[in-house]
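The structure appears below as structure tokens.
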Amino acid sequence: INDEEMKIGTLFIYMEELAKKFIFVVVNVEKGDPTEIFKNLNTMGEKLSHLDVIRNSAFEGNFVDTDETIEINRLWLEFEQGFYASFNETLAPDEPDKARKQLKYINAYWTPFGHALCNTSISSKNLISEINFAVDDLFENTDIENEPSSKAKFKIKQLGKYRYIYNALRINKYSGEADQLPKELKDELFSFYRIKCPPLVFNYIFQSIDYYLSLGDEAHELETKKDIINSFKEVQSRIMRDSFMLKSSQAPKDIYLPLF
């Protein structure tokens, strides 16, 4: 547009549309550098990630108590740090595009988590809605008071149920609950890590470890624990066999040779 008046008029039209349609959200930062947090927000015009949608669902409801809001924020930050603290150890201090790599890492968690939680395969399209439905269903079957802050705390706890096992499988990092696992389970997780266990198997590992930890020391329970460990070894053998069935140029020999 060459006419200066037309330029100004068009600019005013844009400004009026922005004023009508934009919604501004106030973000209270409990601690940390707000400018650094702002840089990590979705400023690329990209679609919302699974994490964005799940975070939004966790904060649904009206938290009338400011202390409750702060507590929910703290729990969510702890939830994310359960992933990022370990993952960041695998990155260089000056790692480029760090925020994007963190997001990619945590978003890969939701598919195996959803399959384990719902005990069935879920399409990518319905993944987050099915996770939310399953967690809500679990909440309704508890005796916890049905109010927003209690539901948010419950949901965050459920969402992070397998994150420490996920870290062990993906990056061989043990913290939190994973660090307290029995040695035989840690040994199997390490074996899965070394053969680069496909995420398709993660949900089975999640559920099996969950079941293993629920067992006691009765004779029949000890036998079931052995069966679980043996099933892990069988899965590992299958993964390795399938890998060796690939063309020689595709077989990840650098992973398997150290095992022999």
Side-chain angles (χ1 to χ4, degrees), residues 47-58 60 76 79-80 82-84 86-87 101-142 151-152 154-178 181 185-186 188-215 224-225 227-243:
K47 296 172 106 178
L48 292 175
S49 69
H50 288 336
L51 180 63
D52 294 324
V53 179
I54 287 174
R55 183 193 298 114
N56 185 64
S57 71
E60 283 178 348
W76 183 263
F79 163 77
E80 289 196 11
F83 292 95
Y84 297 151
S86 295
F87 180 67
K101 290 178 179 178
Q102 289 176 328
L103 184 59
K104 183 179 179 181
Y105 178 75
I106 193 172
N107 276 334
Y109 167 75
W110 299 117
T111 296
F113 169 78
H115 291 176
L117 181 69
C118 302
N119 198 31
T120 187
S121 180
I122 308 169
S123 69
S124 178
K125 180 181 178 181
N126 299 322
L127 178 63
I128 303 306
S129 60
E130 290 294 330
I131 287 176
N132 284 328
F133 178 80
V135 174
D136 288 344
D137 189 52
L138 287 172
F139 180 78
E140 289 174 6
N141 285 284
T142 68
K151 189 172 184 179
F154 177 85
K155 178 170 279 192
I156 293 170
K157 182 178 179 180
Q158 291 299 314
L159 292 173
K161 185 175 183 179
Y162 301 118
R163 67 185 184 272
Y164 296 118
I165 302 173
Y166 177 77
N167 288 337
L169 289 168
R170 284 289 306 273
I171 55 178
N172 194 36
K173 295 293 182 182
Y174 292 79
S175 60
E177 296 169 14
L181 291 174
L185 285 180
K186 284 185 177 180
E188 297 307 315
L189 286 173
F190 180 61
S191 294
F192 278 119
Y193 163 75
R194 290 187 70 179
I195 63 175
K196 291 191 176 179
C197 175
L200 183 66
V201 185
F202 283 12
N203 63 297
Y204 173 73
I205 300 172
F206 291 166
Q207 290 178 318
S208 298
I209 291 180
D210 211 17
Y211 182 44
Y212 181 105
L213 296 175
S214 72
L215 297 170
T224 302
K225 288 182 178 180
D227 290 340
I228 292 172
I229 297 298
N230 289 335
S231 75
F232 285 164
K233 295 183 184 300
E234 181 64 29
V235 171
Q236 291 160 14
S237 297
R238 176 65 181 268
I239 293 170
M240 293 174 66
R241 188 196 72 186
D242 289 351
S243 296

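Note: hydrogens, waters and symmetry copies are ignored here, and every other heavy atom, side chains too, is used.
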remark   = Result for ring pair (Phe, Tyr, Trp, His ring centres under 6.0 Å) between Phe192 and one of Tyr166, Phe232, Phe206, Phe202 points to Phe232
ask   = Can you list the residues that meet the salt bridge (Lys or Arg N to Asp or Glu O under 4.0 Å) rule with Asp227, with sequence neighbours excluded?
value = none
remark   = Those residues at least two apart in sequence (or on a different chain) that pass salt bridge (Lys or Arg N to Asp or Glu O under 4.0 Å) with Lys157 are none
Specify the closest pair of heavy atoms between [X] and [Y], including all atoms of both residues, with the distance to one decimal.
{"X": "Leu117", "Y": "Ala134", "result": "CD2-CB, 3.7 Å"}
{"X": "Lys186", "Y": "Ala178", "result": "CE-O, 3.4 Å"}
{"X": "Pro112", "Y": "Asn203", "result": "O-CB, 3.4 Å"}
{"X": "Gly114", "Y": "Ile131", "result": "CA-CG1, 3.8 Å"}
{"X": "Ala116", "Y": "Tyr162", "result": "CB-CE1, 4.0 Å"}
{"X": "Gly82", "Y": "Arg163", "result": "CA-NE, 3.6 Å"}

Between [X] (side chain) and [Y] (backbone), is there a donor-acceptor pair under 3.5 Å?
{"X": "Asn172", "Y": "Phe190", "result": "no"}
{"X": "Ser231", "Y": "Ile228", "result": "yes"}
{"X": "Tyr193", "Y": "Lys173", "result": "no"}

Just so I know, are the side chains of [X] and [Y] near enough to count as touching, which here means a heavy-atom distance under 4.5 Å?
{"X": "Glu234", "Y": "Asn230", "value": "no"}
{"X": "Leu181", "Y": "Tyr164", "value": "no"}
{"X": "Leu200", "Y": "His115", "value": "no"}
{"X": "Asn132", "Y": "Lys155", "value": "yes"}
{"X": "Ile171", "Y": "Ser86", "value": "yes"}

remark   = Those residues at least two apart in sequence (or on a different chain) that pass side-chain contact (heavy atoms from CB on, under 4.5 Å) with Pro198 are Val201, Ile239
query = Can the ring centroids of Phe83 and Phe79 be said to lie less than 6.0 angstrom from one another?
reply = yes
query = After noting the C-alpha distance and the side-chain angles of Phe133 and Asp136, does the key distance pass the side-chain contact (heavy atoms from CB on, under 4.5 Å) rule?
reply = CA-CA 5 Å; Phe133 178 80; Asp136 288 344; 5.8 Å; no
message = Checking Thr224 against Tyr211 for the side-chain contact (heavy atoms from CB on, under 4.5 Å) test, could you report, in this order, the C-alpha distance in whole Å, the side-chain angles of both residues, the deciding distance, and whether it holds?
response = CA-CA 10 Å; Thr224 302; Tyr211 182 44; 3.7 Å; yes
ask   = Checking side-chain contact (heavy atoms from CB on, under 4.5 Å) for the pair Lys101/Phe87: CA distance, chi angles, key distance, verdict?
value = CA-CA 9 Å; Lys101 290 178 179 178; Phe87 180 67; 4.2 Å; yes
Cut-off 3.5 Å, side chains only: do [X] and [Y] have a donor facing an acceptor?
{"X": "Gln102", "Y": "Glu80", "result": "no"}
{"X": "Ser123", "Y": "Asn126", "result": "yes"}
{"X": "Tyr105", "Y": "Asn167", "result": "yes"}

remark   = Separation between OG (Ser214) and CD1 (Ile209), nearest 0.5 Å, reads 12.0 Å
note = Here the gap from His50 atom NE2 to Ile128 atom CD1, rounded to the nearest 0.5 Å, amounts to 4.5 Å
